[in-house]
Structure formats: structure tokens, C-alpha cells
Amino acid sequence: MLRRRRRRRRRWVAPATTGLLAYLALVGTVTMLTAVGVLPRWPGAAHLVALPPLDVAADMRVLVARAPSWPVFATLLVGVLALRIGVLALLLGGARAPRWRLAAGMYAVTTPLALLAAQLDFVAHAALYSRLFGGALGVLAASFLVLAAAPWVGVSDPGRRPYVRRSETRIGAAVRDAARQGFRVTDLMAYGLGLLGLGALAQTAGATASVLSVPVAGLWTVVVMGRLLGPPPPHPLRRLAGVVVLGFAMFAVVVVTRGEPWMVSDASRDGSVLVMSGINSASGEGAVFELEPERIGYRCEQFVYYSYAGTGDGQPRGDAACPKTSGAPYVPEDTQRPFDEQVALLEAQAADLDPPLVVLAHSQAAWVAWQAAADGRLPGPARLVLIGVFPSSPLTYPPPGETGPGFVGGEGFRRLIPLADLVDFDFTVDAPLARELLATPDAAADVFAQPLPDDVEALAVTATSDLALMADGWRIEGAVDACPIREAHPYLPITPAFHRVVDRFLAGERGGSCPPWPESYRVGVQALGAPPHAR
């Protein structure tokens, strides 16, 4: 006779009444402050009422991006943490001291991690360096997975004993209890997906939706609190293992399916190609130098390499596909010289090239090429290929010794720069170009707001790794926007898909369909980034 297994139904447990009232008051206050503009109306506003550590992570992103001085930052940090600890303790049944110790321990562990993630996120958006956003996202995701269920699991006990357990007072013991329950990974996944959906809706629908997302996120959080306070699901460790396996499988699929076969163009094109590398490059050191001319229908005799040091008799070849017979040798510091100087250098080095001219401009060089073309300083007809282009710079930070929005993030940025060598990123926070285009609100967007002459066309090619840093979108008015390519920013110019896109553009092909997932990814992750500068 077959035995029937009885399915265990999970019950929802309401948080403590006093705590629930305090939390709903917090939700109402955040909603009001967001509506009147005291708090930024950005997709991450919903995270301000989320479960810890997402709530304090959102706090840190706002403070790092908006606090105008250290005293203001410290005062707000102390006030925010006191409020967070009090509300969490009340939600856990804070009439007893152990709940307060558990809540304080939770924020003692999560706040440093949240501050680290917020600072990495700020630098990523300020320097437009997507690798650091990946680091910030990794810190946030790991802390959420390991810590989010811990305080709730620590105080939940369907068969409550008459004594106080260690997990009711100490966050370390609570984390161990959560680990035995698979970190309640399925509940956390459902919760995280719900918040991402709210953020995506707020990103697409605008400021009003950002405000409305706060109370909706509050109700969703109350539901998940009750789930976490209730008994665990059956086979929790199996669920955790399944989620881990699924995550690795999805990552493998993304990596394996992005490859394409290499190609050589069938065309034989006339004219000249001026190749411009981006920031932190040097003569012969930069991925765009490795682009082989035959892949887009040219010969080495037609390739000329731009120098940030100006005109000259030649540069070290380095990794370049062709000999460098012009330009002066340059080093990474030269790439950060004033913007107007870079535009003038481009005009001088393009003046005598055989038409039609094609400019391959990687990263920051895209701003230089567009400005030169908009000013009529390039010989026509010309075509610009903007590689890994950023349509706008979303954050601001004041110069050294001055206060203002972004002060904390900027000071942290300056202190982290010595570590940049570990990832081969040579960047001067207050170099002329950084101050002109990255630290100045809307400066990069203003470059692309200028129309191009009638005899100049532009192709914009975006790397999917950069989409997270594009709060204003990846399309550029006046340019042909290629579908974002699944590749990291530095290696975009030596990707087969890039060669195909450029070859079709040079052949006169325009338009084409783009799948929805790049834009979905961009929209979905904006809530996890710093709020853009106030406009």
C-alpha cells in the first residue's frame, strides 16, 4: 500500500504589532520625503524600505552620492542607523533586550559592507568603469543572500523553548540557523525579483512611479517578513543547491553563447581610418590598436593612429596591427589632458588624411570625435564609429577642498585610487578631462546634444557591461545605434560582432532589430546604482 506524503503547508506569521506600526510609519515617511524631493526620486527609492541589508545599502548609496560634507554624512549616518535598529528590533518583538542586541548586531555587520558597495558603485558611475559596478553588485548580492534571513530565522521558533537561544541575541548564531535552513533562498529570490520589477517599473515610468513604488515595496516586504518568521520550507538545503546550480548554469550559457566566428570583410574601401584609443591607454597599448584593417575592408596603409601627445614622426607599435608612422609617443597621463586640447589634436592629425575619413573612437575618444565633428573640425565626408560610448555622466563630485553633493563619494574615490593599479586602471580623479566631463553634471550629454554636419554620420556601439551605468539610456540622437554587444568594455573593438556591425555600417546598412534583453537588463539594475545627480 503506497504511503501518501502529506504536504507541509507553510503558515504566514505576522511581525510584532508595535514593530509593524513603526515600519508602516517609516514607509509613509519615506514616501512623503521622496514625493517632495528631499530623498531622490530614483528607482532605488523602494529599497529604502526593504529588508536589511538592502535598506542600509540604499541609505549608503544616497549618502555617498549626495552628502555635501563629512559632518553631514556622519550625522545622517548615526540617525539612520538608530532608526533602522529601532524599527528592526520592534519588528522582531523588541520589548525584550535580546531583540535590540540582535538588531544592532545585524546593522553592525551589514553597514560596513553596504558602505563598501556604495563607494564602489559611486566610483563605477563617476569614472564610468563597469567592472567596479560588478564588484559592488557582488558585495551586495552576497550580503543579501547570507544575512537577509538571519534576524527573522533567529527569532522564529514554532516550538518555542522557555529559554532565549543564542540566535535570538547574536547575529553570528542567527546566520548559522539561517544556513541550516538554506538561507531561505527561495523566499529571498522571490523578494529580490519583486523589488527588481518595482525598480524597472519606476525607471521606465518616471518620478511618480518611483514615489509609488515605496508603499508597494513596503507591503511586499511585510509579506516576506511573515514568510521568514514562519517555519522553513521542506528540503531547504536542496533548494539552496538547486539555486546555486541554476545560477552557474545560466552564467555558463551567457558566456558560451556570446561567441561568434571571426570574419574578414569582402569590401575594398577607399580613404583613411584614424584609430583613437581611450583613457588609460598609451602608444601601442589599447585593445582598439589590435583591430586588423582587413576585417572592416581596409589595408594597413590606410590606418593612422591618433596620439594624445600630438603630431610626430611615429610611435611605438606595441600591440597595434599596423606600423605607426605618425604621431608622438604618448603615455596614460596624456589621455587625461583638457578636452579642448584633445579636440584640437584630433583636428591637426586628421587634416591631411585622404577622404573619406573614418574615425574609430574608443571610450572617451568618442566625446572628442563627436565634438570635433560638431565643430566642423574634421575633413568631410566623415564617419564616426563610437566604440563603448557613454551618452552621459550620471554623477558629480566637488574639487578637492570644496564641499557639495558627491563630496563623500569623491573623497572616497581619491583614497581608493592607489588600489586602482590592482586592476590596471590608471586614473587621476581631478585631472582636467575628469573634472570637465565626469565631475561636471550633464557635460557628456551636452557634447552629444550638438548636431553633426550633414556630411558626417555616426555609429554608436555599446558594450552590455556598460549598460548598468547608463541611467539615461544607451541611444544617442543623431547616431545609428547598434544593438549592444555582449562583451566587456575594454575588448569591444576586437570582438567579431563589432567587426560585423562596423562593416555593415560602412557598407551603408542602417537599422536592424534588437532583442529586448539589453534594455531589460539596463532598466532592471538601475535601482542598484547610486541616484544620479539632481537636475
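Side chains included, hydrogens not; waters and symmetry mates left out as well; all remaining heavy atoms used.
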At what distance, to the nearest 0.5 angstrom, does [atom1] of [X] lie from [atom2] of [Y]?
X: Leu132; Y: Leu137; atom1: CG; atom2: CG; value: 12.5 Å
X: Leu240; Y: Arg184; atom1: CG; atom2: CZ; value: 13.0 Å
X: Ser277; Y: Gln364; atom1: OG; atom2: CD; value: 9.0 Å
X: Asp481; Y: Leu386; atom1: CG; atom2: CG; value: 9.5 Å
X: Trp517; Y: Arg522; atom1: CH2; atom2: CZ; value: 13.5 Å
X: Ser130; Y: Leu469; atom1: OG; atom2: CG; value: 5.5 Å

Any side-chain heavy-atom pair of [X] and [Y] under 4.5 Å:
X: Pro68; Y: Pro398; answer: no
X: Pro515; Y: Cys483; answer: yes
X: Val214; Y: Leu48; answer: no
X: Gln526; Y: Trp42; answer: no
X: Arg61; Y: Leu140; answer: yes
X: Val56; Y: Leu81; answer: yes
X: Asp430; Y: Pro400; answer: yes
X: Tyr23; Y: Met225; answer: yes

For the backbone of [Y] and the side chain of [X], can you confirm whether one donor and one acceptor N or O come within less than 3.5 Å of each other?
X: Gln336; Y: Ala434; answer: no
X: Arg41; Y: Gly37; answer: no
X: Thr111; Y: Ala108; answer: no
X: Trp367; Y: Phe390; answer: yes
X: Gln181; Y: Arg176; answer: no
X: Tyr191; Y: Ala50; answer: no
X: Asp466; Y: Val389; answer: no
X: Arg99; Y: Leu92; answer: yes
X: Thr335; Y: Pro332; answer: yes
X: Arg239; Y: Pro234; answer: yes

Practice problem: Test Leu102 against Leu88 for side chain to side chain contact (heavy atoms under 4.5 Å, CB included), laying out the working first. | Solution: CA-CA 9 Å; Leu102 179 59; Leu88 178 60; over 6 Å; no

Quiz prompt | Check against side chain to side chain contact (heavy atoms under 4.5 Å, CB included), Thr396 and Thr440 | solution = CA-CA 6 Å; Thr396 181; Thr440 302; over 6 Å; no

Smallest separation among heavy atoms of [X] and [Y], with atom names:
X: Pro391; Y: Gly473; answer: CG-O, 3.4 Å
X: Ala45; Y: Thr34; answer: CB-CG2, 4.2 Å
X: Ala16; Y: Leu90; answer: CB-O, 3.3 Å
X: Ala463; Y: Leu492; answer: N-CD2, 3.8 Å
X: Leu395; Y: Pro531; answer: CD2-O, 3.4 Å
X: Arg414; Y: Pro399; answer: NH2-C, 3.6 Å

Quiz item: Should we say atom CZ of Arg238 is surrounded by more than 12 heavy atoms from elsewhere, each under 6.0 Å from it?
Solution: no

Quiz prompt | OH (Tyr491) with more than 12 external heavy atoms under 6.0 Å | solution = no

Practice problem: Check the side chains of Trp474 and Glu519 for a donor-acceptor pair under 3.5 angstrom, ignoring hydrogens and angles. | Solution: yes

Quiz prompt | Tyr107-Asp55 side chain donor-acceptor pair, cut-off 3.5 Å | solution =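 Their side chains do contain a donor-acceptor pair, which is all the 3.5 Å distance test asks for.
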
Practice problem: May I ask you to decide if the ring planes of His489 and His362 are parallel, tilted or perpendicular, using 30° and 60° as cut-offs? | Solution: parallel

Exercise. Just do the side chain to side chain contact (heavy atoms under 4.5 Å, CB included) check on Val408 and Leu63 with the steps written out, would you?
Key: CA-CA 8 Å; Val408 174; Leu63 292 178; over 6 Å; no

Exercise. Give the intermediate values and the outcome of ring pair (Phe, Tyr, Trp, His ring centres under 6.0 Å) for residues Phe407 and Trp70.
Key: CA-CA 8 Å; Phe407 171 85; Trp70 286 122; 5.8 Å; yes

Practice problem: Under the side chain to side chain contact (heavy atoms under 4.5 Å, CB included) rule, what do His47 and Asp59 come out as? Steps first, then yes or no, please. | Solution: CA-CA 9 Å; His47 289 224; Asp59 294 335; over 6 Å; no

